[in-house]
Amino acid sequence: MSQTPQASRPLPQGAELIALKDDASLEVPSFPAVGYIEGDGIGPDIWHAARLVLDSAVERAYGGARGVKWYELLAGEKAFGQTGEYLPESTVADIRALKVAIKGPLTTPVGGGFRSINVALRQILDLYACIRPVRYIPGVPSPVQRPDLVDMVIFRENTEDVYAGIEWAAGSAEAKKLIAFMREELGTKLSPEAAIGIKPMSKFGSQRLIRRALDYALARGRESVTLVHKGNIQKFTEGAFKEWGYDLARQEYAGRWVSEGEEIAQGQVVLKDRIADNMFQQALLRPQEFAVLATPNLNGDYLSDALAAQVGGLGMAPGANIGDSAAVFEATHGSAPKYAGQDKVNPGSVILSGAMLLEHLGWPEAAEKIAPALSRAIEAGEVTYDLARQIPGAREVPCSVFAARVAEQL
């Protein structure tokens, strides 16, 4: 078993650290210490609401024999106020020690520091797979006629592509130097006043993401994995992503996959590909034909939000950032600072992300209770403002009251 680093502070009473086995699977004690970051803006409101639901689901499932021991981690505005840093080194070290954490939305600091704390966490901890299940929850208002046909899981590469943040401002000395090199050495025609960004995509980074998508589909009996790319234009980055995916399947998954149009057998998955813009169209017209999507970083960002809109929006969209040695589950929407402290905003995204966390711990009996309870609470008609204004006859209640109603439905 891999050596387990220690947390920077004492664990909650009765808590134990999750251990990482040599095969990268988790050994989870009955009362694991799990990190949480409240988040900025509405973060504290929705986190406290979500925690009530998660603790209630675990209690209902295991009757006190198991429980999460929550361990606070500092990031964002609260961290800056207490430490002068938006992402303290101790928080990163603690996530490495705890192995699993959940977070509310974080505001990107203005001016210096990280361009995005969320991106920084993903890159520092090598959380290379952004996983976003998108599934309709009955009772949630939707802008499409058949949101129930949407049941996809997006695996988005999380560390490369344009999100690597390698860019220079228009007119800067660095941009002019790179443009001159490209013009003189490579014959590239560029305006000398252009802004420049670099889009790195590697075989290693692409294949480890696609491997996770294939393993997920095979383990859960999902029929297909679709490689989404823009390889018709970006042939050596996104086009390579597609080719590296098929190469991986041929090398590591012999007998466990078939190409599109071939007959599929028990224990196999169909591997197919779609150009990104066409995938957006098909996600609307034929969503039932897609189960798991594997995408480069930018494509996955766009697609996950667009699919979330089909089933009711980001307020009900869970997400996880997972690597080989740590996982951080998160709300997928922003911090909405104008609603901070008003006990108003829908906590559904954090609640459902918490269900993913419980599944990651190997506690499906608790995880599987949450989405049905959320649906029953919505159909009962006492909901937060965002849902109340879309559901005829619904009554608006605070975030905390809505969470209590969900907990009652467990």
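Numbers here simply count residues along the sequence, with the first being 1. FYI, side chains are in, hydrogens and waters are out, and symmetry mates aren't considered; it's all heavy atoms of this structure.
- Here the closest heavy-atom approach between residue Ile102 and residue Val350 is recorded as CD1-O, 4.0 Å.
- For the residue pair Asn158 and Tyr163, no side-chain donor N or O sits within less than 3.5 Å of a side-chain acceptor on the partner.
- Within a 6.0 Å radius of CD in Glu223, other residues, nucleotides and ligands contribute 12 heavy atoms or fewer.
- The closest side-chain heavy-atom distance from Ser142 to Val311 is not below 4.5 Å.
- Remark: the backbone N or O of Ser349 is paired with a side-chain donor or acceptor of Ser353 at under 3.5 angstrom.
- The closest side-chain donor-acceptor pair between Glu38 and His48 falls under 3.5 angstrom.
- Sparse packing is recorded around CZ of Arg135, with 12 or fewer heavy atoms of other residues, nucleotides or ligands lying under 6.0 Å away.
- The local environment of CD in Gln145 is sparse, with at most 12 non-hydrogen atoms from other residues, nucleotides or ligands closer than 6.0 Å.
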With side-chain contact (heavy atoms from CB on, under 4.5 Å) as the test, would you mind laying out the steps for Trp47 and Lys103 before giving the verdict? CA-CA 8 Å; Trp47 163 245; Lys103 57 180 276 302; over 6 Å; no
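- In this structure, OG on Ser325 lies 6.5 Å from CG on Leu20, to the nearest 0.5 angstrom.
- Glu160 contributes a side-chain N or O that, together with a main-chain N or O of Ser202, makes up a donor-acceptor pair within less than 3.5 Å.
- Looking at His333 and Ile46, their side chains come closer than 4.5 Å, going by heavy atoms from C-beta outward.
- Under the 4.0 Å criterion applied to side-chain N and carboxylate O atoms, Arg212 and Asp324 are assigned as salt-bridge partners.
- The two residues Met201 and Ser206 have their closest heavy-atom pair at CE-OG, 4.5 Å.
- Put simply, the side chain of Ile210 does not reach to within 4.5 Å of the side chain of Phe155, judged on heavy atoms.
- Although no hydrogens or angles enter the test, the distance criterion places no donor-acceptor pair under 3.5 Å between the side chain of Asn346 and the main chain of Thr384.
- Ser25 places no side-chain N or O within 3.5 Å of a backbone atom of Lys21 that could act as its donor or acceptor partner.
- No hydrogens or angles considered: a donor-acceptor pair under 3.5 Å links the side chains of Asp273 and Tyr246.
- Counting heavy atoms from C-beta on, the side chains of Leu293 and Arg274 never come closer than 4.5 Å.
- Two residues are said to be in side-chain contact when any heavy atoms from C-beta on lie closer than 4.5 Å; Leu26 and Val100 meet this criterion.
- The line from NZ of Lys230 to CD1 of Ile275 is 6.0 Å long, rounded to the nearest 0.5 Å.
- Looking only at distances, a side-chain donor or acceptor of Thr295 sits under 3.5 Å from a matching main-chain atom of Gly300.
- For the pair Thr159 and Arg122, the tightest heavy-atom approach, listed with the atom from each and the gap, is CG2-O, 4.1 Å.
- With hydrogens and angles disregarded, no donor-acceptor distance shorter than 3.5 Å links the side chain of Ser304 to the backbone of Arg132.
- Heavy atoms only, all atoms of each residue included: Leu87 and Ala120 are closest at CD2-CB, 4.1 Å.
- Rounded to the nearest 0.5 Å, atoms CG (Leu358) and CG (Leu54) are 5.5 Å apart.
- Pro44 approaches Gly39 most closely through the heavy-atom pair CD-O, 3.5 Å.
- For the pair Val162 and Asn297, the minimum side-chain heavy-atom distance is 4.5 Å or more.
- What you find for Ala327 and His360 is that their closest heavy atoms are CB-NE2, 3.7 Å.
- Geometric assessment of Lys272 against the ring of Phe290 yields a positive cation-pi assignment under the 6.0 Å and 45° thresholds.
- Note: Tyr302 and Phe280 have tilted aromatic rings, judged against thresholds of 30 and 60 degrees for the angle between ring planes.
- Tyr136 places none of its side-chain heavy atoms less than 4.5 Å from the side chain of Val134.
- Looking at Gln409, its side chain never comes within 3.5 Å of a backbone N or O of Arg405 through a donor-acceptor pair.
- Of the possible donor and acceptor atoms, one in the side chain of Asp343 sits under 3.5 Å from a partner among the backbone N and O of Ser400.
- Taking a cutoff of 4.0 Å between a charged side-chain nitrogen and a carboxylate oxygen, Asp151 and Arg222 qualify as a salt bridge.
- Ion pairing between a basic and an acidic side chain is recognised when a charged N comes within 4.0 Å of a carboxylate O; Glu59 and Lys369 show no such pairing.
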Ile351 and Ile370: side-chain contact (heavy atoms from CB on, under 4.5 Å), yes or no, with the steps? CA-CA 8 Å; Ile351 291 172; Ile370 291 173; 3.4 Å; yes
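- Put simply, the side chain of Ser30 never gets that close to the backbone of Arg66: no donor and acceptor are under 3.5 Å apart.
- At distances below 3.5 Å, at least one donor-acceptor pair connects side-chain atoms of Trp257 with backbone N or O atoms of Ala249.
- In the model, Gln251 has no side-chain atom that pairs as donor or acceptor with a side-chain atom of Asp247 under 3.5 Å.
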One pair to check against side-chain contact (heavy atoms from CB on, under 4.5 Å): Asp126 and Arg208. What are the steps and the verdict? CA-CA 12 Å; Asp126 198 24; Arg208 67 178 180 173; 2.7 Å; yes
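- Here Arg156 pairs with Asp301 in a salt bridge; the nearest charged N to carboxylate O distance falls below 4.0 Å.
- By the 4.0 Å N-to-carboxylate-O rule, Lys69 lies too far from Glu16 to be salt-bridged with it.
- For Lys78 and Glu72, the salt-bridge test passes: some basic side-chain N is under 4.0 Å from an acidic carboxylate O.
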After noting the C-alpha distance and the side-chain angles of Lys344 and Glu396, does the key distance pass the salt bridge (Lys or Arg N to Asp or Glu O under 4.0 Å) rule? CA-CA 9 Å; Lys344 185 178 182 71; Glu396 180 181 335; 3.5 Å; yes
Verdict with supporting geometry, Ile378 and Met316, side-chain contact (heavy atoms from CB on, under 4.5 Å): CA-CA 12 Å; Ile378 292 169; Met316 302 294 286; 3.8 Å; yes
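- Atom CD1 of Ile42 and atom CD of Gln342 lie 10.5 Å apart (nearest 0.5 Å).
- The shortest distance between side-chain heavy atoms of Lys99 and Val28 does not fall below 4.5 Å.
- Expressed to the nearest 0.5 Å, how far CG of Asn299 lies from NE2 of His229 amounts to 9.0 Å.
- Taking the six-membered ring where tryptophan is involved, the planes of Tyr62 and Trp363 are perpendicular, since the angle between them exceeds 60° and thus also 30°.
- Annotation: the span from Met152 atom CE to Met279 atom CE amounts to 5.0 Å, rounded to 0.5 Å.
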